[in-house]
Structure formats: C-alpha cells, structure tokens
Amino acid sequence: MRGILSVVHPRWNDPRASARGRAEFGGFPEEEERRLAVRVRFAPSPTGFLHVGGARTALFNWLYARRAGGVFLLRVEDTDRARSRPEHTRAILEGLAWLGLDVDEGPVFQADGVERHRRDALHLLDQGAAYRCFCSAGELAARREEAKRAGAGYGYDGRCGRLDPAVSRARADAGEPFALRVRVPEAAIEWEDMIHGPMSFPAGSIDDFIVLRSDGTPVYNLAVVSDDAEAGITHVIRGDDHLSNTPKQILLYRALGRPLPAFGHVPLILGPDGKRLSKRHGALSVLAYRDDGYLPAGMVNFLALLGWSPGDDREVFDVGGLIGAFSIGRVLKKSAVFDLEKLGWLNGRHIADAPAADLAAAVVEILGRWAREEGRDPAGSHPGLQTSPERLARIIDLVKGRPRTLPALARQVAPFFAVSVRYDEDAVKRFWKRPEETAFHLRRLAERLAGEAVFRDVETLESEVRGLAAELEVGAGRIINPLRVALMGQGVSPGIFEVLEAMGRERVLARLGAAVRFLEARVATA
RNA sequence: GCCCCCAUCGUCCAACGGCUAGGACACCACUCUUUCAAGGUGGAGAUAGGGGUUCGAUUCCCCUUGGGGGUACCA
C-alpha cells in the first residue's frame, strides 16, 4: 500500500501569488514567518470513502499550500484497526487524484508511528506532565454512570494524579495495569484560530485525559500531535469538529516541547435539512459525483465556494484562479448547506468553458457504455464518433453550452452520430401533436432541403426553412420545433440551423424520412 | 449537566460602525415570436428575538432562542 501515490507534481509557481499572499494571509503577526515554509496536511481515517466534507477540508489545505508555495502532506490515520480498510485508503487517494489535489508528501500512515507515540507518552510521564492511572475502564464507566444518575456531568477527578510517586511506581512494578493520563494545568488555554479568531477554554473545563491506553496503544490526540510535530506541520487546517480537541493538543505540544502550529478550523458541511451531511442525503463520496458526470473543476469550484468567497462577485473559477484568490482568513465560521442545484449550474459553466478535446473522451465513453447496456455495438451505433475527432470536437463545441453534466452533454452529441434517434416521449407529446400535418410539413421540408447539394451555409438553410413556413402560411416555429424532434429526438438543441448544418445533408434527409414514416404510422393507427 | 463554536433572502456568498442591505443558485414573469436544460430583462425574497453602547448598529457587548461539536482506555 505504501507509495500508492508517490507522484510528485510540479509545484505551483506563480510569483504573483506569493507577493499578494503576503498581504492577505490572515493578518496574524506570526504569519509572516510561517509562510516561509508552509507545511499542511490532510489526515483522513480510512474508514470510508472521501466524502464531500473531507474533500473540502483537503481542498482548503491544498489551496493554502499551493498559494504559499508550501507542502501538502497526506497522512492516513489508520490507528482504528477495527474500522480501517486498505480499500478505503485507495478510495481516498482516488478521490484526491480525481479532484486534482496532488500530494507532495505521503501518504504516511499513522500506525507506522506507534513506537514514537509511545515514546512521547513515556516522555510525558518522565517529565511529570502525565501520570499513571490505575482506574480500570469498568470503574470509570461506573462512576460516569453514577454521576449521570445524579444529574451531573462526569469528569475524571484526578485521583491517580494525587498518588504518591513512589506508590505509583510500586504498583506499576507489581504488574498492575495502568494508562497514562495528562495532568491538565489549572489555567485557561487560548489560541488565535486562523478562522475563528481568538479562542479560549477556561481553566477547569478540561479533565486529565488519557494519552496511552493500558494496553500500551496511543490515543488519538497524542498520535496527532506526535505526527504533526514530527512532520513539521506549520498549519493545522481541519474540521470544526476538532475545535474542542485543540486545547488538549496544545497542552501536548507544550509538554513535548514542540513548536505550536497555527490552527484553523473550517466549518462543517450540512445536508439540505440543516443536519450534518450523512448517507441520507444521497451521494457523499466525491467519486459518486465523478460517476454522475461532474467535472473535477466544477466540483472543486463548488467546494471552494462552500464557506469561502473571494470577497467580490466572482463565482466561476478555474483551479489556478482559486489558488490565486484563496485566503484562509476569508473562510467563514458558519457551516454551509450542500446545494446540488448550484453544483449543477457551476458544472454547466465548466462544461461550457472546457475545450472540446477535454470533453471528447468522456462523451465517447458514455455513449459506448449506453450502447453496450442496450446490447448494441458501441462502434456501430455511433459511426465516426471515434474516427473523426475533429467532427466530434465541432459538435461538442456546438452543444456544450447547455448541459450541466457529462451524460447530458453526451445526450446532445449522440444524435449527430447515431444511426437513428429514438424520440423522447415528452418531446413527441409536445411538438408532434398533429402527426398528419407535421408529417406533411416535414415531407415538404425534406423535398426542399434535398435541393441543396451540400449543407454548408447556415443562412441558406435558414431561408429554406423560413421560406417553407411562408409558403405554407404557418409560423416558423410550427416547422422548427417538430424538425428539432425529428433530428434530435428531443426537445432541446442548439439553434436549429446550426444543427442542420452540423448534422449534414445525408443524415438530415434520412432522419426526416424516418420521422415522416413514424408520424404516418401514427396517423394510420390512430 | 458542563465546556466550546455558530446565526444576513429557501440555499451559497457580499456589505472600514454610515447611501433604498448587494451578487449568485433556485423560483416567478417577460423576452429571444427557434426549443431549453442556454442567453437577456424584470420580480418576489433576509439581518432569529430582546436588551444595551453609539448621533447612527448586519457590524461592538449582554441575555434568550435555535443549530452544531465536545465532554471515551473512538478517530
């Protein structure tokens, strides 16, 4: 598993970025020095896929690193042996890779550091910052239960901390099991959060907490601090849910004599019901969005705008633009609701902005998949799709302004290559209401268009269609809308004259013929 | 129970303590008499409540309410 993602990507190197970064880095005095060697990390546990909340945390870290020309490190927190799975690690790496969040160092695995964690815990004991606690888990649970019944909250009372050191040692030497607990000083703990500003936990609000279990395994808070210190992390940017871990970790940094990083706690992402995002809310994994046909650029743009804004009205950003505009100081304190509609809109903008060449492969893949799902030959059902890339590019450029997802794009491209189209039910109902009349119109149009040797000039095609409408004394829409259904099989398309031109004479005439036959069959059975 | 965090349109974001609280998504209407899932124009829509401080609070302070996180020999 080690080295799954050892690829080192070229560092982002915009000189402008670091020059502007100086002024916009959040405004804390020590910021100036720190930015010289920014090292941030994303530290997911491999207990599930990369969900959108984690992805955004990763993105903010990554943007911060790229903006500062720093290092983005990935650490997999796999110390929960029961729930950690290698395939989850894989999925997380895949998710990051899809989003384009290239990792500079790692992945490193937290489990590899247990010896160091243990050493650090013992060091704490030596320094007197921690003490042996002989209370068993069962006793603790019983006391907690009792306190709860009495209507009070329970915090560890520190009784083992008051043991005579000699007694403590003697009991340990006698083989009595113990955990290691940190002696929390009677003082408020404060720090300047990059996002929340001044933070303060009053003295007495934190109990003596365990750093090393009686089985010798380290507890999370210690492992994190040990790992972050070891890796030289300068800025810890993580979810809001870690806010109340921070004072404990600050204590550990101090006790261990390691330099304190800056902390920034980004708010959580909520579901549409205002509750913390969960499986009930549908797709959680970023890879599910990939599979639904969202672009990484769209997803990244959307995620970045969840809890952050550049401070002006800009909304559509490419990745480089985000790097240039990002500042941790502008990240909001309040949690944001995931809005699928806006993701769709943004993704549509990115599809419209994408070069056709970048979209082509996805279109080919999707149309091929659809063909296979229907038991057809992928190559045979869309001739030319793969063999004429210039034509495909031209078609994509023609249609890419409307769709919001890749499948929607493929659906617009399909009629230009398909041997035949299937008629969308709603479109038929709406635009082919009068089969007899429509069949007649389309037949007349086919005759007229057959007179054009080649479909080259959009204006000529337009005047043919409008000419027919005038001749038949009907509004142009009476011809155009049914024509759209005949050609596209759907009620949506680019401007119809562009469609005629792009589709070409032969295919247009064939499709008109098919539509006429379809409509006449309807008339006959009606 | 205790500790911490948070609070501007339905949603995402703006607003040195100072113009009629602005933009985007979604919604509605109109428009492009060529569709809409595209574009354009317009509309409706918010400072949670109550106290202060101030000439003046979205902005600063306090309380209430609501939401979230923590309070583990989970991460």
Side-chain angles (χ1 to χ4, degrees), chain A residues 43-45 47 77-80 82-84 110 133 135-137 140-141 144 147-148 150-156 177-181 193 196 199-202 204-207 209-215 217-221 223-224 239-248 265 267-268 270 272 274-276 302 305-316 330 332-346 348 352 399-405 408 411-412 427 430-431 462 465 475-477 479-481 483-485 488 490-497 499:
Chain A
S45 22
T47 52
E77 307 212 317
D78 55 347
T79 42
D80 185 347
R83 293 190 301 155
S84 295
Q110 186 157 67
C133 177
C135 304
S136 75
L140 258 14
R144 193 175 303 117
K148 197 173 180 181
Y154 176 75
Y156 184 68
F178 61 86
L180 247 37
R181 226 178 245 281
D193 197 275
H196 288 271
M199 290 289 306
S200 173
F201 281 69
S205 64
I206 296 160
D207 310 326
F209 58 95
I210 289 178
V211 285
L212 195 69
R213 299 187 185 93
S214 46
D215 66 359
T217 60
V219 166
Y220 171 75
N221 278 313
V224 175
D240 238 351
D241 46 339
H242 287 285
L243 217 35
S244 26
N245 283 328
T246 305
K248 295 179 185 173
H265 290 92
L268 269 18
L270 273 24
K275 300 285 185 200
R276 193 173 174 165
F302 173 70
L305 256 24
L306 232 42
W308 171 83
S309 84
D312 52 41
D313 286 345
R314 288 175 297 162
E315 302 237 54
V316 182
R330 288 202 63 89
L332 254 40
K333 297 190 239 183
K334 69 167 184 176
S335 42
V337 174
F338 187 92
D339 181 15
L340 195 58
E341 288 290 350
K342 187 140 186 181
L343 203 214
W345 171 76
L346 256 180
V399 303
K400 72 181 183 187
R402 293 173 211 288
R404 294 183 154 200
T405 63
R411 206 163 106 82
Q412 285 279 295
R430 180 143 172 238
F431 297 114
E462 174 161 7
V465 174
I479 309 280
I480 286 167
N481 289 326
L483 172 61
R484 172 173 292 108
V485 180
M488 299 288 291
Q490 25 184 325
V492 179
S493 82
I496 197 70
F497 310 116
V499 170

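The analysis underlying the following values was restricted to heavy atoms, covering all of them including side chains, and did not include hydrogens, waters or symmetry mates. Residue numbers start from 1 in every chain, and the chains themselves are labelled A, B, ... in the order their sequence lines are given, proteins ahead of strands.
- Among the atoms of the strands shown, none is found under 4.0 Å from any heavy atom of Pro267(A).
- Residue contacts shown for Gly401(A) are limited to sugar-phosphate atoms, with no base heavy atom under 4.0 Å away.
- On a pure distance criterion of 3.5 Å, a polar donor-acceptor pair joins the side chain of Ser214(A) and the base of rC73(B).
- Within the nucleic acid shown, Val337(A) comes within 4.0 Å of sugar-phosphate atoms alone, with no base atom in reach, counting heavy atoms only.
- A donor-acceptor contact under 3.5 Å is not formed by the side chain of Arg430(A) with the base of rU35(B).
- Rounded to an integer number of Å, the gap from Lys342(A) NZ to rC9(B) P is 14 Å.
- Here the P atom of nucleotide rC4(B) and the CG atom of Asp241(A) are 18 Å apart, to the nearest Å.
- Residue Asp240(A) contributes atom CG, which lies 12 Å from atom C1' of rG67(B) at whole-angstrom precision.
- No donor-acceptor contact under 3.5 Å links the side chain of Arg144(A) to the base of rU71(B).
- A cation-pi arrangement is absent between Arg484(A) and Phe431(A), since the terminal nitrogen or guanidinium carbon is not both under 6.0 Å from the aromatic centre and inside a 45° cone about the axis.
- In this entry the distance linking CG of Leu343(A) with C1' of rC12(B) reads 12 Å, nearest Å.
- Note: Phe302(A) and Phe338(A) have perpendicular aromatic rings, judged against thresholds of 30 and 60 degrees for the angle between ring planes.
- Within the nucleic acid shown, Leu305(A) comes within 4.0 Å of sugar-phosphate atoms alone, with no base atom in reach, counting heavy atoms only.
- Counting distance only, with no hydrogens placed and no angle test, the side-chain atoms of Asn245(A) and the base atoms of rA75(B) include a donor-acceptor pair under 3.5 Å.
- The residue Ile479(A) sits apart from the nucleic acid: no heavy atom pair falls under 4.0 Å.
- Between the CG atom of Asp193(A) and the P atom of rG70(B) there is a distance of 17 Å, given to the nearest Å.
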